[in-house]
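Inspection log for the structure reproduced underneath, given as C-alpha cells.
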Amino acid sequence: MSMAPVPRSSKRQLGLDVLFHALFWASALLVLLILGGLIVLMATGGWKALTTFGLSFFDQSAWNPVKDRYGALAPLLGTVLSTVIALLLAIPLAFGTAFWLTNIASSRLAAIIGTAVQLLAAVPSIIFGMWGFFTIVPLVARYVQPFVNHHFRHVFILGPLLKGPPIGTGVMTSGIVLAVMIAPFITAVMCDVFGAVPPMLRESAYGLGATRWEVMWKIIAPWSRNGMIGAIVLGMGRALGETMAVTFVIGNVTSVGWSLFAPRSTVASLIALQFPESPAGSLRLSSLMALGFTLMLLSCASLVVARCLRGGRQ
Amino acid sequence: MSETAQQMARATKQRWHQGGRARRRQVLDRIATGTSIAAGVFLVLVLLSILWTLLSRGLAGISWATVTHSMGPPGSGGGLGNAILGSIIQTGLALAMAAPLGLFCGIYLSEYGGKHNHFASVVRFVSDVLMSAPSILIGLFIYQLVVVPWGHFSGFAGAVALAVLAVPVIVRTTEDMLRLVPTSMREAGAALGAPRWRVILSLCLRSARQGVLTGILLAVARMGGETAPLLFTSLGNQTWSLRLDKPMASLPVAIYQYAGASYDDWVQLAWAGALLITCGVLMINIIVRLSARR
C-alpha cells in the first residue's frame, strides 16, 4: 500500500495478516465441507438401498426386516401428515401470540410473555416427548378419541380420518406436540417481521379509525406476508426433522393409512428406533440412510423456500 | 343548529352505536383480540404445564445419590452421576472444537465476506442449512464419518456430533455481533497502524465480546439437551468411564433409556434427569436474556 520501503516488523505483521486471513478462510471452508460431507455420506450410505429398490423405494409401503424389503412410503406419509397437522395448529397459535405481543400487550407484559415463549422454544425436545407421552397421550385417549369416535363415526370423510383404537398415540398426538414445539419459533420470527412494518402505516390506519384487528389484518399482514410464510416454512423444517418428541408419542408402527389417530412412524422416529437393530453394511441400515438423505433434501428445500421468501437474512 | 343537522347528527350517532357496520367491526375486533390473547396464554400454559409435570414427577428423584452414584441395574439404588459427567465431558470437548471453528468462520463472514464475496455467501447459506438440519441426521453423518472407520462407538464421536450442531449457532451470532461493531472503530485501529488481524481480534472481537459469549452459551444450551445425535455416536454407558475412545454415558440418552423402562426407580430417575437438564438449559437462556437486556 505505502510507497516507502516496508520495515521488517511490518513485513512480519503482513505475514501474520495473510496467515490469519488463511485461518479464517480455512474455517469457513471447513463449515462448507461439513455439509458437503453430510450430504455425500448420506447419499453413499443410502446408495445400496436406492440401487436395490430403485424408485419403488418411495412408493412401497412395506417395511419388513424379515423379508429384507423396505419402502419409504409409510414413514414419509407419517412425516408429512404430522407436519401438516402441526402447521395447521401452530400457525393460528403463533399468529395470535405475535399479534398479542406486538399490538395489544403493554411493553412490560409483552417482555414477560415474550420471555416465556422464548423459554418454551429452548426446552429440549426429549422433554417435549416425555411431557407429550404423560400429558397429551392420556388426554387424547380418554377424551378426544371417544368424543370424535362417537360423533363423527358416520360422517362422510371425517369418519375414516378420525377412527382408531383409543390408545392416544398416533399422528394427531405427534402433530399436537410438534405444534407447541414449533409455535414459539414461528412466533419469534413473526414478532420480528411485524416489528419491521413502518410505524407510519400502522399509525395512519389507526388515525383513520381502524380497529386493532383491521390494522393487523389489512395493513400489517399483507405488508409482512412473505416474512410470515418464511417463518412458517422455518417451523415446518423443524417439524420435519424432529425425532425425540415424535418417537415418544407416535406409536411407532410402520403402516400406511388415512386414520389420524392410528399409530404410525415418521422418517426421523424410524431412524432412531431401527438404527440399533441394523448392523453396519446391511440393507436395512442403507434404507435408513436413504430415508435420511430424503429428509435432508426436504429440509434443504424448505430452507431455500424460506430464504427466498424472506429475502435473505434480516 | 338547524333541525336537519340535528337529525343527521342523531342518525350518525345511532348508526355508530347500534347495529350496522361499526358494531360488527367492533365485535370482530373483540373476537380477534380475545382469540389471540387466548393463543398466547395457551403457549404460556404449555410452558407451565411442562414445568409442573417435571417438578411434580422429578423432584422426588433428586437426591445426593442421584448425582453421585453411577447408573445401575433396577433396584440397586443407582444414580445418574456417570451420565451427568459424560454430558459435561462431551459438551466441553464439543465446545473446544466448535468455538474456535465457529468464531473464525463468523469472523471470516463478517470481516472478509462483503456483498461481492460469493464464497462467503455460499458459506453463510451452508451454515444456515446446517443450523436447520435435523439433528438425527448429524448423528448418522458422524456415525458414518467416525464410528464406522473406528469400528466402535465412542465419547469422542459424540463430542464431534455435538460440535457440528453448535458450529452454525456460533457462526451466526459471531457474524451478527461483529457486524454491529461500527466501521469507524476498525478505521481508527487501522489509522493507528494496527494490522488487520490485530484490529479484528483486539478491537472488533473485544467490543463484541458479550454478544459472542451469548452465542456460545446458547450453543451450549442447545448441545446440552440433544439426544438424537448421541444415540448413534456415544451410545451410552452404564458405568463411570472417562475414556473418550469408549462408549460414554450422557444425560439425555440416559433419560431416553430410562423413560420407557418398566422399573419404577428407572422412570423416577428419568424424570429427575429431565428436571435437571431442563433447569440447566432454561437457566442458561435466562442468564443470556438478562445480560442481553443490560
Side-chain angles (χ1 to χ4, degrees), chain A residues 13 16-17 20-21 23-25 27-28 30-32 34-35 37-38 41-42 45 92-93 96-97 99-101 104 113 115-120 122-124 126-127 130-131 134-135 180 183-184 211-214 234 237-238 240-241 243-244 268 271-272 275 280 289 292 295-296 299-300 303, chain B residues 25-26 28-29 32-33 35-40 42-44 46-47 49-50 53-54 101 104-105 107-109 112 120 122-123 126-130 132-137 140-141 144-145 148 164 167 171 195-197 221 225 227-228 231-232 252 255-256 259 274 277-278 281-282 285 289:
Chain A
Q13 297 287 18
L16 273 175
D17 246 3
F20 270 100
H21 190 161
L23 178 66
F24 298 148
W25 183 82
S27 307
L30 189 55
V31 171
L32 204 69
I34 290 175
L35 185 74
L38 177 65
L41 280 185
M42 283 292 162
L93 269 180
T97 311
F99 175 39
W100 184 31
L101 289 180
I104 304 174
I113 304 294
T115 308
V117 172
Q118 291 285 312
L119 288 184
L120 187 61
V123 171
I126 189 169
I127 307 296
M130 292 171 79
W131 171 78
F134 285 93
T135 312
V180 294
T211 61
R212 275 196 290 232
W213 173 246
E214 281 164 352
L234 224 57
R238 288 202 95 87
L240 280 176
T243 314
M244 297 326 288
I271 295 175
F275 178 86
M289 293 280 180
L295 189 60
M296 190 69 216
S299 158
C300 279
L303 192 78
Chain B
R25 287 173 54 199
Q26 223 170 27
L28 194 66
D29 181 53
T33 313
T35 320
S36 40
I37 292 180
F42 177 76
L43 282 186
V44 175
V46 167
L47 179 68
S49 159
I50 291 177
T53 312
L54 287 173
L101 180 60
F104 291 159
C105 183
I107 290 174
Y108 181 79
L109 293 183
Y112 299 89
V122 171
V123 171
V126 161
S127 164
D128 279 1
V129 172
L130 269 184
S132 67
S135 59
I136 191 158
L137 296 187
L140 275 184
F141 165 55
Q144 290 267 65
L145 190 74
V148 170
V164 172
V167 164
V171 169
R196 198 166 181 184
W197 67 272
T227 319
L231 286 175
F232 312 152
I255 295 172
Y256 178 59
I277 223 169
T278 311
V281 168
L282 292 190
N285 275 276
R289 285 189 73 87

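Note on naming: letters A, B, ... go to the chains in the order of the sequence lines (proteins, then strands), and numbering restarts at 1 for each one.
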Would you mind telling me which of B:Val164, B:Leu231, B:Leu130 has the largest number of heavy-atom pairs within less than 4.5 Å of chain A?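 Top option by heavy-atom pairs under 4.5 Å: B:Leu130.
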Report which part of B:Val44 has an atom under 4.5 Å of a heavy atom belonging to chain A: side chain, backbone, both, or neither.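 Side chain of B:Val44 only, per the 4.5 Å heavy-atom cut-off to chain A.
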Given that the side chain runs from C-beta out, which part of B:Tyr256 has a heavy atom under 4.5 Å from chain A: side chain, backbone, both or neither?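 Both backbone and side chain.
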Stepwise side-chain contact (heavy atoms from CB on, under 4.5 Å) test for A:Leu120 and B:Ile50: CA-CA 9 Å; A:Leu120 187 61; B:Ile50 291 177; 4.0 Å; yes
Minimum-distance pair of heavy atoms, taken over all atoms of [X] and [Y]:
| X | Y | value |
| --- | --- | --- |
| B:Ser36 | A:Gly96 | CB-O, 3.1 Å |
| B:Leu282 | A:Ala122 | CD2-CB, 4.3 Å |
| B:Leu47 | A:Ala116 | CD2-O, 3.5 Å |
| A:Cys300 | B:Val129 | SG-CG1, 3.7 Å |

Polar side-chain atom of B:Asn285 near backbone of A:Leu119 as donor-acceptor pair, under 3.5 Å: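 Here the side-chain-to-backbone pair does not exist.
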Please say which of B:Phe104, B:Trp197, B:Tyr112 ends up in a ring pair (Phe, Tyr, Trp, His ring centres under 6.0 Å) with A:Phe20.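 Exactly one candidate clears the test, B:Trp197.
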Dump the intermediate steps for side-chain contact (heavy atoms from CB on, under 4.5 Å) on A:Thr211 and B:Leu28, then the final yes or no. CA-CA 9 Å; A:Thr211 61; B:Leu28 194 66; over 6 Å; no
Roughly how far, to the nearest 0.5 Å, is CD1 of A:Ile271 from CD1 of B:Ile136?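 These two atoms lie 5.5 Å from each other.
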Any chance you could measure B:Arg196, atom CZ, to A:Leu16, atom CG, to the nearest 0.5 Å?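 Between atom CZ of B:Arg196 and atom CG of A:Leu16 there are 14.5 Å.
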